[in-house]
Amino acid sequence: MASTSKANLTEDDEEEEEIEHFDDFTLASSWERFISEIEATCRQWSADGPKNLLEKGAVHLDYSNKIYRIKSELKDATKIYSMEYYFGIDNDGNISDWNCTLHDLQLCFGVKEFLVISPQSASGVVLDAPESSKLLSAVAIALSNCSCLWPAFVPVHDPSRKAFIGIQNMGTIFTRRFEADRIGSQVPVKFMHLEGLYELFVSKFAYWTSDHLTHLFKVYLMMKLTYRTLPNDDENDGIQDADAENAESEKMPDGGNLNRKHWDDDCPWSEWYSAEDPVKGFDLVTTWSEKVIESSLEMAEMENASPHEAEKWILTPNLSPNLDSSKGDRIGFASQLQLLVSALDMSFEAQFMEDFVSVENLGSDNLKSSMVIPPPTVLDRVLKDLLLEGRQFPDFAKGEHKSSRAIKGAPLESLFAQFCLHSLWFGNCSIRAIAVLWVEFVREIRWYWEESQPLPKMPAHGSIDLATCLINQKLQMLAICIEKKRELNEEFQDCLGSNDDVFVHMEEDIQVGEESTSFLTQSQDFDGKRDSPLILEGFNESKTSISKFSTNSQDAYSADKSTSDSKRTGSAGPVGSMKLLNSCQSLHAPFTQNAPLMTEDMHEERLRAVEAFGDSFNFSAQLERETLSSDMSAFKAANPDAVFEDFIRWHSPGDWENDGSKANDKWPPRGKLSQRMSGPGNSWRKIWNDAPSLPAYEQKPLLDPNREGEKILHYLETVRPHQLLEQMVCTAFRASADTLHQTNFGSLKQITTKMDQLFHTMASTLRPLQANLLSGNSEKIEDLKRLCVALEHVEKLLTLAASLRHKFIQAPRVYEAIFSDYYDFYLPNMGKGSADVDIQKEFDLKLQLRVNERQVVSNMFTPPTANQSWRKVLSMGNLLNGHEPILRQIVFSKRDSGSDCHYAVSTRGGPHMDDQQEIETYRMYVCGTSNDLRVALCVTSYD
């Protein structure tokens, strides 16, 4: 049994050995083995299908997501070839759709899926003609063996010629042959015009040279013309390079140029920097659908046709590469704010700003070299712009975003905000440059104080805006102190001139409400005090007019005729029907001084004092002693017969307890003081007893402008660098965002949403700086840098929106469509830093224009000057406002009916061809300009 098995095994081995030594003479040569390898690869690709090929590593082309490519290496003797299979999933390769993204060979030959086989060499083309023919034959045989109908192409000649030869088995007895070549220079004049190109195509199938002149051939034509607007730089160069006469006529007498204007001159950021136009120009594609041409004359007429006669206009914007660049070299608010944040990070290294001015205190040489400050002339120009120009009181609320006040900075038009914006562009915004500018800025502020000159860009009246940063509060208070100081100086000078006018000038400082004169009434309720100098303490309307106080210090009007009226001074009128307790006299409201103005740090100091002393009522009264004493003195002057209880009834009604009687006009009023006012040792009663009877205009002012002004200057001169930089960062972010918010971007909801999000992000990110919670090397510095990135994204979008709106203000649908498409393209990068932005993909929008929008686009093609004209003698025709097309693409085709016996043959394994079916026997694709011409010819032959 065992021997039998062994015998069988031996026989099997012999059979296998015979098979191993079998010689397949069909693969005897390397060329045959090369064909077999091509065939095997094509069979595998055909069997897998597009979806499986994607799983096996097929990649889409960079310029199209619809066309994919898979690659395989082949070896023939000593040479290695690369065979690439191009295919699409949804793309039908229809050349009639000019707007679709097709491969170059699909445009040239009108094919769908195809093969390209090329040598793996430096040139990537087959330079030897016999080799190219042999290679194409090998591919054709392999495709025929595996019943693949794919066209195959081989690149030939020089790579710059973009030349191909190709072949395709049509599945019948027809074969298509392809050939493409290019002329890179010195294009014959005949082929610059449509008539010559038409005759070139006809010559491919006309039997005699004269046939295309004497016979009418039915030729189908499609045409696509691409125009490009002149770049902005070219326009400027054209103006600069114009001849002497034109240049002189365009210049102003002082050497300026009337025609020179930057695109963003009317944008809010143009005061600080000039942004690069993100829209470099536009490509306009005009397409003519398929039409029949029968003579050269028709082609000559078509060359003179206006682009406005085209069936479609397709617009493509050419955006600046810096718009979505990851290099981070774009200049704008965001880039400068990043430098300011770096300066903040360094500000913890010194105690005073003067320490950063000296070079010796900067440390390393690299640090010194990076902190070069501008020359004194630049410093003087900045200070002049800050302090000498625009002294008018600005409207702080104008142009502010609705969420701007959530950021504790300074208003955009205020002095400190303007200082912060200037700091961004002063030098390289280093800590040293900021220190130099700040020191000189404070010196100038001191000069305004000492000379009693109004402080520019700061209000000299009103209350302190505690919602702003502390430095802005200090500057606002300093402006008020300067105004008070100036008024006191003027009054003193007037007193020296005439003693008779003393009281007149003092009474002019007393205001009723916010105006120097007001109309007052007897029926008002006095329930509070206003924050303006020497105002009337709230009263109701009256038909009696209260004028300024007269020189004899009598009341403006009085409701009583008793002897007390002759002693009454500083009265603003009776308070309704209220009567004094000890006499049946009307209770009068006095003119009082404003409470002294306080900045945020002064309020906090008082609150800390109150907390330290237990928040007692008496201590609070001591803190307000000067104000309370002033009010009591004015009340006594206006009500000579008043007692302490009368003052409480007027000043603090809550501390007077009525007996329950509803009749307020009965005398004497019945009630008592509250417990806290009637207690022993009450501080209010002590102040009442010590307060003299003096009207407000005779009292010492509660606000000492000289003392408060010097305190403010001392703060500005000794402020800690990190405290200054923290307030500068908050203000600079707020001012930059408010400036960008003023951009006129139309009705783009995306921008509105992003601006709202930006302000909310800034408010939350800058909150630690507002509370002085930042420390050196804090993680908050990184948060600030990320905030700069967020601002940069919004700044880019705003710049694009402004540019598009400026160009398409008469066609809003166009700029809204372009921006919306770019916004969707750019949105995935909004949450990334500049280094993480994906720049592999390019923005490629093709927007079809409506008929009523064509004229707007046409106006962008301004007639070129002589220096801007690309060709001064020769012209291709189809001009658009004097502009030649930068690219002309034409498809000629000739079709023959299946009724001809020449084509009436059956397909392999299929039914007979329809007699009415037309076959495209000749097809020629022409692409080029007057300096460049590429021709691709496809011929269907009967073999």
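Note that the numbering runs from 1 along the sequence shown for the chain.
No more than 12 heavy-atom neighbours from other residues, nucleotides or ligands sit within 6.0 angstrom of CD on Glu179. Within a 6.0 Å sphere centred on NZ of Lys162, other residues, nucleotides and ligands contribute 12 heavy atoms or fewer.
Checked against a 6.0 Å centroid threshold, the rings of Tyr227 and His883 do not count as neighbours. Phe808 and Phe819 have their aromatic ring centers separated by at least 6.0 angstrom. Tyr815 has its ring centre no less than 6.0 Å from the ring centre of His806. Checked against the 6.0 Å centroid criterion, the rings of Tyr68 and Tyr85 do not qualify as a close aromatic pair.
Side-chain contact check for Glu84 and Tyr86: at least one donor-acceptor pair (N or O, by modelled atom type) lies under 3.5 Å. Glu276 and Asn322 are linked by a side-chain donor-acceptor pair at a separation below 3.5 angstrom, with hydrogens and angles left out of the test. Checked by atom type, the side-chain pair Thr862/Asn881 shows no donor-acceptor distance below 3.5 Å. Looking at Thr175 and Gln168, their side chains never bring a donor and an acceptor atom within 3.5 Å of each other. Thr921 and Asp896 form a side-chain donor-acceptor contact under 3.5 Å, judged by distance and modelled atom types alone.
Between Ile314 and Thr286 the shortest side-chain heavy-atom distance does not fall below 4.5 Å. Contact annotation: the side chain of Val814 approaches that of Leu849 to within less than 4.5 Å [non-hydrogen atoms, C-beta and beyond]. Proximity of Asp158 to Val125: side-chain heavy atoms (C-beta onward) are nowhere separated by under 4.5 Å. With a 4.5 Å cut-off on side-chain heavy atoms, Ile818 and Phe282 count as touching.
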From CA spacing to verdict: salt bridge (Lys or Arg N to Asp or Glu O under 4.0 Å), Glu195, Lys190
CA-CA 8 Å; Glu195 185 177 359; Lys190 179 179 180 180; over 6 Å; no
Given ring pair (Phe, Tyr, Trp, His ring centres under 6.0 Å), test Phe178 with Phe153 step by step and report yes or no.
CA-CA 8 Å; Phe178 310 96; Phe153 301 97; 5.0 Å; yes
Salt bridge (Lys or Arg N to Asp or Glu O under 4.0 Å), that's the test. Do Arg182 and Asp932 meet it? Break it down for me.
CA-CA 8 Å; Arg182 173 177 174 267; Asp932 181 275; 2.5 Å; yes
Take Ser289 and Glu311, measure what side chain to side chain donor-acceptor pair (under 3.5 Å) needs, and give me the verdict at the end.
CA-CA 7 Å; Ser289 58; Glu311 181 182 7; 2.8 Å; yes
Checking Ser747 against Glu816 for the side chain to side chain donor-acceptor pair (under 3.5 Å) test, could you report, in this order, the C-alpha distance in whole Å, the side-chain angles of both residues, the deciding distance, and whether it holds?
CA-CA 8 Å; Ser747 58; Glu816 289 176 2; 3.0 Å; yes
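Cation-pi geometry between Lys312 and Trp288 is not met: the NZ or CZ atom fails to fall both under 6.0 Å from the ring centre and inside 45° of the normal. For Lys894 and Phe205, the positive end sits near the middle of the six-membered ring, less than 6.0 Å away and at most 45° from its axis.
Here His308 pairs with Trp313 under the ring pair (Phe, Tyr, Trp, His ring centres under 6.0 Å) rule; sequence neighbours left out.
Phe745 CZ to Gln750 CD: the interatomic distance, rounded to the nearest 0.5 Å, is 10.0 Å.
The stretch residues 283-292 participates, sequence neighbours left out, in these salt bridge (Lys or Arg N to Asp or Glu O under 4.0 Å) pairs: Arg228-Asp283, Glu290-Arg895.
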